[in-house]
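We name chains A, B, ... by the order of the sequence lines, and we start the count at 1 in each one. This one's a predicted model, so the numbers in the text were calculated from it and none came from an experiment.
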Protein chains: 2
Amino acid sequence: MDTALELFYANGFHATGIDKILKQSGVAKMTLYNHFKSKDQLILAVLRRRDERFRAWLKEAVERRAETPRERLLALFDALEEWFNGPDFFGCMFINASAEFAKHDDPVHAVARLHKRLVLSYVRDLAAAAGAAEPEALARQLELLMEGATVVAQIGGSSDAAQRAKQAAETLIAQAVAGAQPSLERPLLGIR
Amino acid sequence: MDTALELFYANGFHATGIDKILKQSGVAKMTLYNHFKSKDQLILAVLRRRDERFRAWLKEAVERRAETPRERLLALFDALEEWFNGPDFFGCMFINASAEFAKHDDPVHAVARLHKRLVLSYVRDLAAAAGAAEPEALARQLELLMEGATVVAQIGGSSDAAQRAKQAAETLIAQAVAGAQPSLERPLLGIR
DNA sequence: AAGCGTAAAGACAAATCTGTCTTTTCAACC
DNA sequence: GGTTGAAAAGACAGATTTGTCTTTACGCTT
């Protein structure tokens, strides 16, 4: 599955043949088909593993960088920057998967939707903890910046998409928490 | 080429066989290979046509909706909404193409990069005309929102991604033009 | 009306794809 | 130590892929 993930991510799903995965991993064909009924099932399993690992990594990378919820919202984009500039960045695997399996009722699409919902949920929790007046609204705005940065980094070749998104996020966050819970937030912001 | 564009867009590049394009379009195989040396060349030609048509459509859709540069920046997102809710929306074809041809030096990738640069250029012109202090910076922020909205609309199933992006754009635009060219912009904004 | 060029139609080759089957090998466990 | 279960290795089938070649038909021009 690690090999499948690596090859699917770097070369696409349709372009990656079963044989290539088997050859590179040293696994026999019957072993693969004993664990997965078909290539599509393997793809779904790989995506589910990717979802778990990516969200765990994102959470860790954010918490490693910042303590307060508001700073963690911004740290999201520093984490993205780390991802973008990594040696093997080929965009968001779920965006890529949705591109290849475009039909809206495809199981692959459902897994991608779930992944995005779960990431959004994490951002919403941070937004709520940061004192946003409407956490859901702020989270969805930041989600747009995150996805946008990912796409621009993939196509444009990394560059500074993450930091530009971070700057935009600062503006949006400032506007979203303005006036919300002033008794708690204002003094903390004053000494920042 | 119209058929190829339709099938590539709806089903992906690798998943769409030459035979399916030929059958649906009624074109003979030798005719295709007489005009294009290979499938890859056809893909590149299709993407270039898509680039021209999409940018022409975007420009028209924006100018149809708004007169002033600032309003046109916002109209970008209304245009996107129209696109997202259209009958045959399968995300951005260039994002999809970059997903399938992930290698950074692939010719497909180059065409996608060029397309994004040209769209960004259009947004930058609007941002400059709208009186942004730093048109390039604002354009890149709005670009993030546009790409993000496209991805969220594709994966999440349209929803209200475009309008949420528009709201975020209002905040970013307001911040980017604040204080810039006040003698020209302020009176106009006052009567708006 | 004759001829030239292009497209249609389809056979064909060679490679590659997914998925199945068989045989051999190896390792763990009682 | 013998047995059992799983994995390795690879042949194989059937479908599908891209790309080439040949033959037939049609349309435009002179």
May I have the distance from D40(A) (atom CG) to dC17(C) (atom P), rounded to whole angstrom? 15 Å

What is the distance from NZ of K39(A) to C1' of dC17(C), rounded to the nearest Å? 8 Å

With a 4.0 Å cut-off, would you call E170(B) and K166(B) a salt bridge? no

Q175(B) and Q175(A): side-chain donor and acceptor closer than 3.5 Å? no

From OH of Y33(B) across to P of dA8(C) the rounded distance in Å is 15 Å

Under the salt bridge (Lys or Arg N to Asp or Glu O under 4.0 Å) test against D51(B), which residue among R53(B), R55(B), R49(B), R48(B) passes? R55(B)

In whole Å, what is the span from the CG atom of N34(B) to the P atom of dA8(C)? 11 Å

Per H35(B) side chain, nearest of listed nucleotides dT18(C), dT20(D), dA7(C): dA7(C)

Base dG19(D) to side chain K29(B), donor-acceptor N/O within 3.5 Å cut-off: yes

Rounding to a whole Å, what distance do you find between L32(A):CG and dG19(C):P? 9 Å

Please lay out, stage by stage, how H115(B) and F94(B) fare under the test ring pair (Phe, Tyr, Trp, His ring centres under 6.0 Å). CA-CA 8 Å; H115(B) 170 75; F94(B) 299 92; 3.8 Å; yes

Main chain of F13(A), side chain of E100(A): is a donor-acceptor contact present, judged purely on distance under 3.5 Å? yes

Keeping the roles fixed (side chain from T150(B), backbone from G91(B)), state whether a donor-acceptor pair exists under 3.5 Å. no

May I ask you to list the residues of residues 6-27 of chain B, by number, that have any heavy atom positioned under 4.0 Å from an atom of DNA chain C? G26(B), V27(B)

